[in-house]
Student: 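Sharing a structure, written as structure tokens. Questions coming.
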Protein chains: 2
Amino acid sequence: MSEMSSETKKDPLFTGTLAKGIRILRAFDEQNVRLSLAELVQRTGLEKSAVQRLAHTLHREGMLNKDPVTRRFSPSHAWLELAYAYYWSDPLIARALPRLIGLSRTIGETVNLAQMSGDHIIYSLRLPNQRTHFAASIVGRRLPAIATAAGRVMLSTWPEAEADRAIDLWPIAPMTPKTVTDRDQIRADVRLAAQNGYAMTRNQMILNEVSIAAPVHGVAGPAEAAVQVSLSAHSYDETRIQEEILPALLDTANGILA
Amino acid sequence: MSEMSSETKKDPLFTGTLAKGIRILRAFDEQNVRLSLAELVQRTGLEKSAVQRLAHTLHREGMLNKDPVTRRFSPSHAWLELAYAYYWSDPLIARALPRLIGLSRTIGETVNLAQMSGDHIIYSLRLPNQRTHFAASIVGRRLPAIATAAGRVMLSTWPEAEADRAIDLWPIAPMTPKTVTDRDQIRADVRLAAQNGYAMTRNQMILNEVSIAAPVHGVAGPAEAAVQVSLSAHSYDETRIQEEILPALLDTANGILA
DNA sequence: ATAAGCCGTATTGTATAGTGATACATGAGA
DNA sequence: TCTCATGTATCACTATACAATACGGCTTAT
């Protein structure tokens, strides 16, 4: 009767109530920061009664704050505690963090650790500087993988067939007028990254931004992650990048291997 | 029949299934990073069948990874996405971040933003340096409020009766041999913080660590948060702290007011 | 002023969906 | 080879989540 029929079709271990509750948590994002009951109904597509019950439960469990006057829900500190648990669970984080800090001190520019997450990348560590704008300063941000230097350099370590499939099928969300949407151009860029051992993009997310990424290799096979640096094109010409940034970046990424 | 009878007693809006699912998420922490079904049963106190169903659902919803060979569950990237949403939801974060970065550059030492969360503080922003150890580098960490400089300086802005109650009742978890557990001593320290406008502790979490915190005031009334700096007692004597650290710290904390 | 909407909250009969017990399968250790 | 612990699958039962609806407070329009 609903649109989830195909997904839910006879999985006797699937508990719909919990899934709905998770959908409520997921309704919050950078544009939806404080949601009323009615807005939650709209964003989740659930029944008003269901949202009432589930949001109430999440509130009582400490997962949602509720403003006593506006009656709006918002994320609670528990969401940060979950991030804390995540950080401990991923061994890459502890290996990468001290080296990223070193890189950040050396070059004095924004440094990130990105991981592949489906067809997106997700930033799991970020070391912003004062010029970095807010969205680029906080962890957990997702971007379409093949539209980013980090995503491309990771793909460049994949078996060619899989990488090609990804380049053909994965989404691209144009962020600036200069965002590349031509998949053959992306394919060429991934090939180039395979040769160079790093990937570089310009003006893809923000105008006048140069993004450079190097792969973090696992024991063998595809890259586990990528170390990525953002620079202003105004401050860094090609030779400065080659001489000041790249050696330090590649050194950092290689050092994380463990 | 279960131990939740007092909590659940007749709240017709409370959905137990969702609450149980949340308990599964909460079972992961810094010491429990990768949990088997049996361990989840043990840690949550739920029935094996329930854990089987709920963990399966969380896995299908992308909230838990499942290692195909060890069959263990672990936090997924979605946990970082939730943190991302939290960061956008709390307006203090965007106000504080650039100033914290500035402070970090100025003094070259570890800088944190802490907020009150029940009877604990939680670190919501952290700017570590290379010497910072891992647990002190990642957001979402909670510590007993009255055992920390940040917690005490926030309490020092509370109405005296409430602060006294907190000092009497809130938990203290001794972390080092020198952790202060005498509540009258803590009370004196809070009073001193009220006079000075900052709080300082030594050897409370780690030996030879000096922790200094200044309050971030709201429009009026109690502090919204605290800016906190960690130093090595070996590198900073009292006069260096007074001259090099405190002015910058207080300036930063005051500047966040907005 | 009054009415109409909208929204959050409370209530209730009903059947569905989660429950818990149990059985089965697999792999590790003794 | 046996035993035990653990993960997975199945199933009858009924407790529990469900959707509909009613109520009351607040804002907006007329």
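Owing to the predicted nature of the structure, the values given are computational and were not obtained by experimental measurement.
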Student: Is the backbone of A:Ala114 close enough, under 3.5 Å, to the side chain of A:Asn112 for a donor and an acceptor to pair up by distance?
Tutor: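 No.
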
Student: When the distance from CZ of B:Arg53 to C1' of D:dA17 is rounded to whole Å, what number comes out?
Tutor: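 About 14 Å, once rounded to whole Å.
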
Student: Just the rounded figure in Å: distance from P of D:dT16 to CG of A:Leu54.
Tutor: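 In whole Å, D:dT16 P lies 16 Å from A:Leu54 CG.
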
Student: With no hydrogens and no angle check, just 3.5 Å: does a side-chain donor-acceptor pair link A:Thr15 and B:Thr57?
Tutor: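 Note: A:Thr15 and B:Thr57 side chains meet the donor-acceptor criterion.
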
Student: Strictly under 6.0 Å, is that where the ring centroids of B:Phe134 and A:Trp88 end up?
Tutor: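 Aromatic pair counts; centres sit under 6.0 Å.
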
Student: Would you find a donor on one side and an acceptor on the other, under 3.5 Å apart, between the side chain of A:Arg99 and the backbone of A:Gly255?
Tutor: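 Pair found, side chain donor or acceptor close to backbone of A:Gly255.
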
Student: Report the distance from atom CD1 of A:Ile24 to atom P of D:dA17, rounded to the nearest whole Å.
Tutor: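 Spelled out: CD1 on A:Ile24 to P on D:dA17 is 14 Å.
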
Student: So if I take the C1' atoms of five pairs at each end of the helix from C:dA1-D:dT30 to C:dA30-D:dT1 and get each local axis, what angle do the two axes make, rounded to 10 degrees?
Tutor: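 Between the axes fitted at each end of the helix from C:dA1-D:dT30 to C:dA30-D:dT1 lies an angle of 40°.
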
Student: Find the distance A:Leu18:CG to D:dT16:P and express it as a whole number of Å.
Tutor: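 After rounding, the gap between these two atoms is 17 Å.
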
Student: Measure up the A:His59 and A:Phe73 rings against each other and bin them: parallel (under 30°), tilted (30 to 60°), perpendicular (over 60°).
Tutor: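 Because their plane-to-plane angle is over 60°, the rings of A:His59 and A:Phe73 count as perpendicular.
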
Student: I'd like to know if the side chain of B:Arg34 reaches the main chain of A:Ser89, judged simply by a donor and an acceptor atom lying under 3.5 Å from each other, with no hydrogens or angles considered.
Tutor: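 Flag set: sc B:Arg34 to bb A:Ser89 pair under 3.5 Å.
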
Student: Using atom types as modelled and distance alone, determine if a side-chain donor or acceptor of B:Arg53 lies under 3.5 Å from a backbone N or O of A:Phe14.
Tutor: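 No; zero donor-acceptor contacts below 3.5 Å.
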
Student: Rounded to the nearest angstrom, tell me the gap between atom NZ in B:Lys20 and atom C1' in D:dA15.
Tutor: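 In whole Å, D:dA15 C1' and B:Lys20 NZ are 10 Å from each other.
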
Student: In B/S/- notation, 5' to 3', how is nucleotides 6-13 of chain C contacted by protein heavy atoms closer than 4.0 Å?
Tutor: --BBBB--

Student: To the nearest angstrom, how far is A:Asp11 atom CG from D:dT8 atom P?
Tutor: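 In whole Å, D:dT8 P lies 12 Å from A:Asp11 CG.
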
Student: Regarding B:Asn65 and B:His77, is there a side-chain donor-to-acceptor distance under 3.5 Å anywhere?
Tutor: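 No, B:His77 and B:Asn65 have no side-chain donor paired with an acceptor closer than 3.5 Å.
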
Student: Sequence neighbours excluded and cut-off under 3.5 Å, please list the side-chain donor-acceptor pairs for residues 140-148 of chain B, or say none.
Tutor:
| from | atom 1 | to | atom 2 | distance (Å) |
| --- | --- | --- | --- | --- |
| B:Thr148 | OG1 | B:Ala145 | O | 2.9 |
| B:Thr148 | OG1 | B:Gly151 | N | 2.9 |

Student: Just the rounded figure in Å: distance from P of D:dT6 to CG of B:Leu40.
Tutor: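 Taking CG of B:Leu40 and P of D:dT6, I get 13 Å after rounding.
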
Student: Does a side-chain N or O from B:Thr17 land closer than 4.0 Å to OP1 or OP2 of C:dT19, or not?
Tutor: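 Yes, within the criterion.
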
